[in-house]
Asks: 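The structure that follows is given in the form of structure tokens.
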Amino acid sequence: PPGTAEAVSAPYRRTGEILEALSDWFGPYPFATYGSAVVTARLPALETATLSTMPVTSSSERVIVHEAAHQWFGNTVALRDWSDVWLNEGFATYAELLWAEHQGQDGQALAHAWHATLQRRGTRPLIAVTPDQMFDTSAYQRGALALHALRLHTGDPAFRRFLRGYAAGEAGAVVGTGDLLAYVHRTLGPGAAVLLRQWVEAPELPSRPHAQGILTLP
């Protein structure tokens, strides 16, 4: 909008770099164009396909990354049912960690911060059973931690192949949690599927992901 402050405008100039960083993990950007419509209305940021709707108050790199990631997970790979919204929000939240690492930051520290937040606030199995659960902290941060656990279990090369294969293989389709679990079992093996199922189904919060598997906290 006219008169927008430089601090608001500046993060959008990194959009190309953000898309390149995400493409490295997710595969080629799935549309022909991308941009952001910055508005003054008091709305949540929204991953409108090819043109994210971004309120002035949400104009941060973190939110730009999150909404850009939804172009793959949410817009190209779509949900069959909103109870599985963590498939959108978990992947988009994990993109924030990937972008942080791209800038030289400590992704493991961010994952630990998410885990601490869930310990403090409480959590739930990832498939929502009430409307209030659809966009709660578990959908975002527990969903992202489930992916981080898979990455640490399998290593970066296999995890990158998994992300790229899932995004490409399910492009244009509608998916549910069961589809993701089946894909993990098929591509990463039964051990990885058991690990993901723990994050999806356990009533309690699994121990925080660790490079050698799952680290049990004291």
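All figures in this text were calculated on a predicted structure; none of them were measured in a lab.
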Asks: Side-chain contact, heavy-atom cut-off 4.5 Å: Q108 with H148?
Replies: yes
Asks: Might you point out which heavy atoms bring S60 and P11 nearest each other, and give the distance in Å?
Replies: C-CB, 4.3 Å
Asks: Please lay out, stage by stage, how E170 and R164 fare under the test salt bridge (Lys or Arg N to Asp or Glu O under 4.0 Å).
Replies: CA-CA 10 Å; E170 301 295 350; R164 284 171 162 257; over 6 Å; no
Asks: Tell me the closest heavy-atom pair linking L150 and L188, and the distance in Å.
Replies: CD2-CD1, 4.5 Å
Asks: Judged by atom type as modelled, is there a donor-acceptor pair below 3.5 Å linking the side chain of R160 to the main-chain atoms of D24?
Replies: yes
Asks: Going through the distances and angles, do T177 and W86 end up as a side chain to side chain contact (heavy atoms under 4.5 Å, CB included)?
Replies: CA-CA 9 Å; T177 298; W86 80 270; 3.0 Å; yes
Asks: Evaluate the criterion side chain to side chain contact (heavy atoms under 4.5 Å, CB included) for residue pair Q71 and T76; output intermediate values, then yes/no.
Replies: CA-CA 6 Å; Q71 304 303 312; T76 302; 5.6 Å; no
Asks: I'd like to know if R121 pairs up with D136 as an ion pair, taking the criterion as any Lys NZ or Arg NE/NH1/NH2 lying under 4.0 Å from an Asp or Glu carboxylate oxygen.
Replies: no
Asks: If you define the side chain from C-beta out and look only at heavy atoms, does anything of L196 sit under 4.5 Å from Y183?
Replies: no
Asks: Compute whether any side-chain donor of one residue and acceptor of the other, for S9 and T4, lie under 3.5 angstrom apart.
Replies: no
Asks: Is it the case that the ring center of F91 lies less than 6.0 angstrom away from the ring center of Y166?
Replies: yes
Asks: When the ring centroid of Y29 is compared with that of W72, is the distance short of 6.0 Å?
Replies: yes
Asks: Please check this pair: side chain of N75 against backbone of E47, looking for a donor-acceptor N/O pair closer than 3.5 Å.
Replies: yes
Asks: Would you kindly confirm whether W82 and V175 end up in one hydrophobic cluster when ILVMFWY residues are joined by side chain heavy atoms under 4.5 Å apart?
Replies: yes
Asks: Could you give the distance from CG (L181) to CZ (R186), rounded to the nearest 0.5 Å?
Replies: 11.5 Å
Asks: Work out which heavy atom in A192 is nearest to a heavy atom in T154; give both atom names and the distance.
Replies: CB-CG2, 4.5 Å
Asks: Mind running side chain to side chain contact (heavy atoms under 4.5 Å, CB included) on Q105 and L97 for me, showing each step along the way?
Replies: CA-CA 9 Å; Q105 299 171 21; L97 183 147; over 6 Å; no
Asks: I'd like to check V174 versus V77 (side-chain heavy atoms, cut-off strictly below 4.5 Å). Are they in contact?
Replies: no
Asks: Would you confirm whether R62, through its side chain, and E96, through its main-chain N or O, come within 3.5 Å as a donor-acceptor pair?
Replies: no
Asks: Any sub-3.5 Å donor-acceptor pair from Q133's side-chain atoms to V129's backbone N or O?
Replies: yes
Asks: If you define the side chain from C-beta out and look only at heavy atoms, does anything of M54 sit under 4.5 Å from Y12?
Replies: yes
Asks: Same cluster or not: are V65 and L51 linked, directly or through other Ile, Leu, Val, Met, Phe, Trp or Tyr residues, by side-chain heavy atoms under 4.5 angstrom apart?
Replies: no
Asks: Working to the nearest 0.5 Å, report the span between CG of L163 and CG of L98.
Replies: 7.5 Å
Asks: Check the hydrophobic clustering (I, L, V, M, F, W, Y; side-chain heavy atoms under 4.5 Å; chains of links allowed) and say if L43 and V38 are grouped together.
Replies: no
Asks: To the nearest 0.5 angstrom, please state how far the CG atom of N88 sits from the CZ atom of F73.
Replies: 10.0 Å
Asks: Evaluate the side chain to side chain donor-acceptor pair (under 3.5 Å) criterion for residues S52 and S36: first the C-alpha distance (whole Å), next the side-chain angles of each, then the deciding distance (0.1 Å), finally the verdict.
Replies: CA-CA 5 Å; S52 291; S36 296; 5.1 Å; no
Asks: Applying side chain to side chain contact (heavy atoms under 4.5 Å, CB included), run through E67 and L46 and close with a yes or a no.
Replies: CA-CA 7 Å; E67 304 311 323; L46 183 65; 5.5 Å; no
Asks: Determine whether a donor-acceptor pair (N or O, by modelled atom type, separation under 3.5 Å) exists between the side chain of T93 and the backbone of G90.
Replies: no
Asks: Can you name the nearest heavy-atom pair linking A92 to A69, along with the distance?
Replies: CA-CB, 3.8 Å
Asks: Does the side chain of H102 pick up a donor-acceptor pair with the side chain of E17 at under 3.5 Å?
Replies: yes
Asks: What distance separates L87 CG from D179 CG, expressed to the nearest 0.5 Å?
Replies: 8.5 Å
Asks: Minimum heavy-atom separation for L19 to A68, with atom names?
Replies: CD2-CB, 4.1 Å
Asks: Report the C-alpha separation of E6 and R13 in whole Å, then their side-chain angles, then the decisive distance to 0.1 Å, and conclude whether the salt bridge (Lys or Arg N to Asp or Glu O under 4.0 Å) test is met.
Replies: CA-CA 11 Å; E6 169 62 18; R13 287 195 281 275; 2.3 Å; yes
Asks: Classify the angle between the aromatic ring planes of F135 and Y140 as parallel (below 30°), tilted (30 to 60°) or perpendicular (above 60°).
Replies: tilted
Asks: To the nearest 0.5 Å, how far apart are CG in L126 and CZ in R124?
Replies: 6.5 Å
Asks: Under the 3.5 angstrom rule, does the side chain of H115 hit a backbone N or O of R208 as a donor-acceptor pair?
Replies: yes
Asks: Can a salt bridge be assigned to the pair R151 and E101 using a cut-off of 4.0 Å between side-chain N and carboxylate O?
Replies: yes
Asks: Please determine, by modelled atom types, if Y34 and T15 share a side-chain donor-acceptor pair under 3.5 angstrom.
Replies: no
Asks: Same cluster for F31 and W25 if Ile/Leu/Val/Met/Phe/Trp/Tyr side chains link at under 4.5 Å?
Replies: yes
Asks: For the residue pair Q103 and R14, establish whether any side-chain heavy-atom pair is separated by less than 4.5 Å.
Replies: yes
Asks: Less than 3.5 Å apart, any donor N or O on the side chain of D81 or S83 sitting next to an acceptor on the other?
Replies: yes
Asks: Got a second to check how far S207's OG is from Q198's CD, nearest 0.5 Å?
Replies: 7.5 Å
Asks: Is a donor from one side chain sitting under 3.5 angstrom from an acceptor on the other, for T123 and S138?
Replies: yes
Asks: What I'd like to find out is whether the side chain of Y94 reaches to under 4.5 Å of the side chain of Q141, using heavy atoms alone.
Replies: no
Asks: Given side chains that start at C-beta, do those of P1 and V39 come closer than 4.5 Å, heavy atoms only?
Replies: no
Asks: Please check if the side chain of R142 supplies one atom and the backbone of W199 the other of a donor-acceptor pair under 3.5 Å.
Replies: yes
Asks: Looking at every heavy atom in both A95 and L22, which two are closest together, and how far apart are they?
Replies: CB-CD2, 3.8 Å
